[in-house]
**Student:** 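First the structure, which I've put down as structure tokens, then a few questions once you've had a look.
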There are 2 protein chains.
Amino acid sequence: MTNTCDVCTYRSYLFDNLNKTEFGLLTLSRKEMFFRKGEIICREGEKINNFYYLKEGLLKVYKTVDARKEQIISISNPLDFIGLLSVFSNFNYIFSVSALENSSICIIELDALKKLIQSNGEFAMTLLEKMSKMNDQILETRLLINLKNLRGRTAYIILMFAKDIYKSKKFDLPVSRKEIAELIDMRTENVIRILSELRNDGIIKIEGKSIEIIDQKRLESISEFG
Amino acid sequence: MTNTCDVCTYRSYLFDNLNKTEFGLLTLSRKEMFFRKGEIICREGEKINNFYYLKEGLLKVYKTVDARKEQIISISNPLDFIGLLSVFSNFNYIFSVSALENSSICIIELDALKKLIQSNGEFAMTLLEKMSKMNDQILETRLLINLKNLRGRTAYIILMFAKDIYKSKKFDLPVSRKEIAELIDMRTENVIRILSELRNDGIIKIEGKSIEIIDQKRLESISEFG
DNA sequence: CGCGGCTTTGATGTTCATCAAGTAAAGTGG
DNA sequence: CCACTTTACTTGATGAACATCAAAGCCGCG
């Protein structure tokens with residue numbers, strides 16, 4: 001008898017080193033939860049009891065700066081969001097996570113996972129690698145964005161959505177202008193202004209949430225040198 | 001017969017879960033190297049063969065932006081620098097590391113360490129925790145610095161040296177003004193300007209590399225709200 | 001239908017990067 | 001060890017990039 005976990009992408013991506021018994025144990029404690037667009041998965045400061053991974057959907061990881069302002073750390077699609085920064089290093093979340101699109105999230109009790117890490121070193125190694133890679137990537141991206149001027153950041157983030165997330169030159173933005181600003185350290189007004197500029201220059205088409213890249217070469221050049 | 005590793009801080013900090021045999025094996029493959037102030041420990045792009053930890057001294061982790069400019073990611077003292085970001089997630093270093101002060105670094109072959117991770121899950125868990133914590137802290141610090149204006153950043157970095165590194169209100173800067181700028185995303189001229197301002201306001205004394213905090217309350221307030 | 005949040009554009013102000021120029025310190029080669 | 005070169009440090013003046021303020025239209029939602 002097979003369960004749905006056996007055919008999940010994560011089976012080979014993350015749990016390849018678990019034997020049948022171990023994997024069975026894990027899937028027993030596993031719960032799958034559905035989050036509607038906008039719903040919050042976990043909040044900064046809450047106690048960490050579970051290990052999450054994103055099966056389907058799109059999430060944002062963020063910190064609350066003050067009542068009016070958030071800082072978005074990263075946007076993650078499946079395989080880019082496993083566990084969470086801080087799951088193994090803190091007792092409480094240091095970031096919040098919410099759903100940008102309807103999402104399916106798998107939840108494993110942290111204690112069960114820790115036991116597996118301790119009993120299966122190969123699995124521990126895989127997890128260590130994946131989480132390190134995730135961490136590195138987030139840090140590198142933040143550093144990269146910081147080097148760019150506002151035009152460069154805007155171009156960069158459009159390309160990120162097109163290439164990494166939607167794999168298409170045409171897509172609907174899953175975030176507001178304000179959220180884009182919070183993601184790339186800008187003010188909302190400037191995001192809007194620069195999007196308009198890029199449209200007037202014939203580099204992108206934009207209408208509400210819908211974006212289409214017209215001149216990818218130029219957009220990439222702006223992203224790189226801006 | 002004891003070796004020096006038995007009395008090293010890292011024995012309990014990182015290697016507590018290794019038994020005598022395992023620890024013995026590790027220390028056999030261990031080499032200790034001495035780096036003089038200014039020397040480079042490893043370079044961005046080089047193949048990763050070793051796992052490093054800082055026994056004594058002070059390091060900077062940085063990326064080269066272009067021939068004239070570096071970006072400093074973090075400054076680490078012992079126990080804050082174990083392994084390196086990217087050791088487990090990449091084949092090649094994504095950052096460089098050099099010594100800000102004369103430093104002793106212990107070097108373990110990465111393969112030997114990986115074998116231990118795979119055979120000893122408790123050790124794996126400890127390593128995962130420590131490295132995650134290091135990663136989280138670096139990311140949080142970068143985010144925090146970015147929220148501050150130049151005055152706030154300068155105050156923050158002075159307090160970091162005083163509280164985290166030298167544990168004293170009076171200390172000698174281990175870095176140049178240019179390096180401070182590279183660490184907190186500023187221009188050298190502005191670092192100098194603001195240090196002078198803080199001196200003129202009677203908040204710090206500064207003479208060459210020597211800094212003394214006079215009014216810590218005010219400095220902390222500048223760091224927090226700046 | 002009215003309120004609040006999102007979007008947009010224009011005008012204004014501030015912060016910070018850049019340029020320039022000079023002094024001091026430190027490293028380099030004869 | 002001294003002349004020479006380079007690098008670090010410092011201050012002032014200027015301009016560009018970006019934040020802030022203001023106002024108005026839009027949309028969704030109670």
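Residue numbers start from 1 in every chain, and the chains themselves are labelled A, B, ... in the order their sequence lines are given, proteins ahead of strands. Just so it is clear, the model here is predicted, and its values are computed rather than measured. Both backbone and side-chain heavy atoms feed into the values below; hydrogens, waters and symmetry mates do not.
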**Student:** Going 5' to 3' along DNA chain D, which are the first and last nucleotides with any atom under 4.0 Å from a heavy atom of chain B?
**Tutor:**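 The contacted stretch runs from D:dC9 to D:dA13.
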**Student:** Anything under 30° is parallel, anything over 60° is perpendicular, the rest tilted; go ahead and classify B:Tyr10 against B:Tyr53.
**Tutor:**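 Judged by the thresholds at 30° and 60°, the geometry between B:Tyr10 and B:Tyr53 is tilted.
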**Student:** Given 3.5 Å as the limit, does a donor-acceptor pair link the side chain of B:Ser168 with the main chain of B:Lys170, or not?
**Tutor:** yes
**Student:** Drop me the distance from A:Leu159's CG to A:Lys169's NZ, to the nearest 0.5 angstrom.
**Tutor:** 10.0 Å
**Student:** Can you measure from CD1 (B:Ile184) to CZ (B:Arg142) and round to the nearest 0.5 angstrom?
**Tutor:**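 These two atoms lie 9.0 Å from each other.
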**Student:** How would nucleotides 6-18 of chain C be written as a contact map, 5' to 3', with B for base contact, S for sugar-phosphate-only contact and - for no contact, using protein heavy atoms under 4.0 Å?
**Tutor:** SSBBBB----SBB
**Student:** Taking only nitrogen or oxygen atoms into account, show me every contact under 3.5 Å that the protein makes with nucleotides 26-29 of chain C, one pair per line with its distance.
**Tutor:**
none

**Student:** So does A:Lys205 pair up with A:Asp215, basic N to acidic O under 4.0 Å?
**Tutor:**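 Salt bridge between A:Lys205 and A:Asp215, a charged N being under 4.0 Å from a carboxylate O: no.
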**Student:** Describe, as an angle rounded to 10 degrees, how the axis at the first end of the helix from C:dC1-D:dG30 to C:dG30-D:dC1 is tilted relative to the axis at the last end, five pairs per end.
**Tutor:**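 About 50° separates the two local helix axes.
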**Student:** Nearest 0.5 Å, what's the OG-CG distance between A:Ser103 and A:Asn77?
**Tutor:** 10.0 Å
**Student:** Going by the angle between their ring planes, with limits at 30° and 60°, are B:Phe51 and B:Phe88 parallel, tilted or perpendicular?
**Tutor:**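 Tilted.
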**Student:** For B:Ser74 and B:Val61, indicate whether the former's side chain and the latter's backbone hold a donor-acceptor pair under 3.5 Å.
**Tutor:**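 No: the side chain of B:Ser74 does not pair with the backbone of B:Val61.
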**Student:** Who passes side chain to side chain contact (heavy atoms under 4.5 Å, CB included) against B:Ala162, sequence neighbours left out?
**Tutor:** B:Phe171, B:Ile213
**Student:** By side chain to side chain contact (heavy atoms under 4.5 Å, CB included), which residues pair with A:Lys47, not counting sequence neighbours?
**Tutor:**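 Scan of A:Lys47 (side chain to side chain contact (heavy atoms under 4.5 Å, CB included), adjacent residues dropped) gives A:Asn49, A:Asn92.
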**Student:** Salt bridge check: are A:Glu189 and A:Arg177 linked by an N-O gap of less than 4.0 Å?
**Tutor:** no
**Student:** First locate atom CG of A:Asn149, then atom CD1 of A:Ile194, and finally report the distance between them rounded to the nearest 0.5 Å.
**Tutor:**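 Nearest 0.5 Å value for the CG-CD1 distance: 7.5 Å.
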